[in-house]
Amino acid sequence: MLDKTTTRGTALNFSAGGMSSMELVRFAVGAIAAHPMRSALTSLGVVIGVAAVIMMTSIGVGAQQRVEQALSSLGTNMLVVRPGAPRSGGGGFVRGAGGSGATLTVDDAEAMRALDGIAAVSPAINGGAQLVYEGANWSSRIEGVTPDYLIARDLEIASGQMFDDSAAESGRKVAVLGQTVVTELFGEGVDPVGQRIRVGPIPFQVIGVLAPKGQSGFQDQDDIVVIPLDAARSRVIGRGPSARGNSVNQVYVKAVDEDALFQLEQDVAELLRQRHRIQPGEEDDFNVQNLTSVQEAAQSSTQTFTILLAAVAGVSLVVGGVGIMNIMLVSVTERTREIGLRMAIGAKRSDVLTQFALESVALSLLGGLIGLTLGVGGALLMSMLGDWPSVIPAWAAPLAIGFSSFVGVVFGAYPAWRAAQLDPIEALRRE
């Protein structure tokens, strides 16, 4: 019930034809402040909902960024051609059929250089070997390639140099190391360029160090040793189909730009079908993988994942809105005499409607602001503890505030309408 001072002030305002906007705001804030614990519990659902939306969106966008970084680190405008038929169902990956490793050759790679839109072509074979330098040893991935490998994979040399065509053709025992290999073998303070290491039982001279590329999925792209293709075939990777004759595990093909990439994909496939004498209707014995298409598919998947997380978290906002409506209905019942007294001394139904609507919006907006703060803090904490990129979109804050206000309006509408419809006489009789 209102005290005498409040009632007197209210009557003065009513005599002028209803409550002013400032009076409505003051009464709404006063009603919220009069029951701090109930107001806090009423806003709790919105707090949790907004915080959950911010944190889940941050996780989804962070995952999207992580996928984009991982795929872009593999190379841009690049095709990877591998032996073996595509996986049934169009997955785009190689089905490891027995003997399929010998269907792609260095000659195939050389023939691709004549296609339009080619920026670089690098055939490659790969395997693994134990690396030894003085007392340190490390097991790493070995990639036997041609000098165009750097261009095809968008790699850079951090120190030293890449081997040239003459070194590649003569099969010189030279190596370019990834950053992880340098760290594990040489530690701090040792310049690996010019040093000799053993790749398996064979000594190689280090002539360069690759600039770091980071993780790609579960693979550390810096844990690699790049050596000439012929040296890898004859001295390091001496078993398996890819080590016989001039067969290779894959061919990296880089297009001059993204516009030329998709046409180049078709041209490469047509060229290989001709060279391998594959008849119409027969299954290809190779697979051309377009990394741009893979990246687009991954981006689409992570965007769907982000929307799903935000939608699930948004359910708690709806639950918070229902909580606000329930508490506001209870408040209308408890304050029936107060409402009747105000209407009896001149308050309009629109004044009562506006006051209760303002209370609902204020509670929801307060919860939105607190939830936004907790959501941003939670996202940053997850980033620190989980080594996960914290990406809070620019639209997150306005969306959280706007949606929490919307929840207040929607779920406060019925209690406000119910308060405004009370009959003053019946309301004053209410115990």
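Position 1 is the first residue of the sequence; numbering continues from there. This is a predicted model, so every value here is computed, not measured.
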Nearest 0.5 Å please: distance from the [atom1] atom of [X] over to the [atom2] atom of [Y].
X: Tyr149; Y: Leu155; atom1: OH; atom2: CG; result: 5.5 Å
X: Leu177; Y: Ser159; atom1: CG; atom2: OG; result: 9.0 Å
X: Ile207; Y: Ile227; atom1: CD1; atom2: CD1; result: 11.5 Å
X: Asp108; Y: Thr105; atom1: CG; atom2: OG1; result: 3.5 Å
X: Leu229; Y: Phe163; atom1: CG; atom2: CZ; result: 8.5 Å
X: Asn246; Y: Arg233; atom1: CG; atom2: CZ; result: 6.5 Å

On a heavy-atom basis, which atom in [X] and which in [Y] lie closest, and how many Å separate them?
X: Glu282; Y: Arg277; value: OE1-O, 4.4 Å
X: Val145; Y: Ser122; value: CB-OG, 3.8 Å
X: Asp165; Y: Pro147; value: OD1-CG, 3.3 Å
X: Ile157; Y: Gly160; value: CG2-O, 3.5 Å
X: Asn126; Y: Asn249; value: N-OD1, 2.7 Å
X: Ala136; Y: Glu184; value: CB-O, 4.1 Å

His276 and Phe286 aromatic ring geometry - parallel, tilted or perpendicular at 30°/60° bounds =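 It falls in the perpendicular class, over 60°.
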Heavy atoms of other groups near [X] [atom1], more than 12 under 6.0 Å:
X: Asp257; atom1: CG; value: yes
X: Arg275; atom1: CZ; value: yes
X: Glu156; atom1: CD; value: no

What's the verdict on side chain to side chain contact (heavy atoms under 4.5 Å, CB included) for Arg235 and Val199, showing C-alpha distance, side-chain angles and the deciding distance?
-> CA-CA 9 Å; Arg235 299 177 182 274; Val199 181; over 6 Å; no
Taking 4.0 angstrom as the limit, do Lys254 and Asp148 come out as a salt bridge?
->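 No, this pair does not count.
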Short N-O contact, Glu110 and Arg113, less than 4.0 angstrom =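 A salt bridge is present here (some side-chain N lies under 4.0 Å from a carboxylate O).
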Carefully, step by step, assess Val121 and Tyr252 under the rule side chain to side chain contact (heavy atoms under 4.5 Å, CB included).
-> CA-CA 6 Å; Val121 177; Tyr252 299 105; over 6 Å; no
Please confirm whether the backbone N or O of [Y] pairs with a side-chain atom of [X], one donor and one acceptor, at under 3.5 Å?
X: Arg141; Y: Gly127; value: no
X: Asp222; Y: Lys213; value: yes
X: Gln179; Y: Leu210; value: yes

With side chains defined as the heavy atoms from C-beta onward, is the minimum distance between Ile142 and Leu131 less than 4.5 Å?
-> yes
Quick one: are Val225 and Phe204 in side-chain contact, heavy atoms under 4.5 Å?
->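 A side-chain contact is absent here, since even the closest heavy-atom pair is not under 4.5 Å.
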Please say which of Gln250, Glu265, Arg82 ends up in a side chain to side chain donor-acceptor pair (under 3.5 Å) with Gln289.
-> Arg82
Without hydrogens or angle criteria, can the side chains of Gln195 and Glu134 be said to hold a donor-acceptor pair below 3.5 Å?
->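 Short answer, no.
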Any chance the side chains of Ser166 and Asp164 put a donor and an acceptor closer than 3.5 Å?
-> yes
Passes side chain to side chain contact (heavy atoms under 4.5 Å, CB included), Met112 versus Leu272? Steps please.
-> CA-CA 9 Å; Met112 295 176 195; Leu272 292 178; 3.8 Å; yes
Can you name the one residue among Ile197, Val181, Val182, Leu185 that meets side chain to side chain contact (heavy atoms under 4.5 Å, CB included) with Val206?
->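 Single pass found, and it is Ile197.
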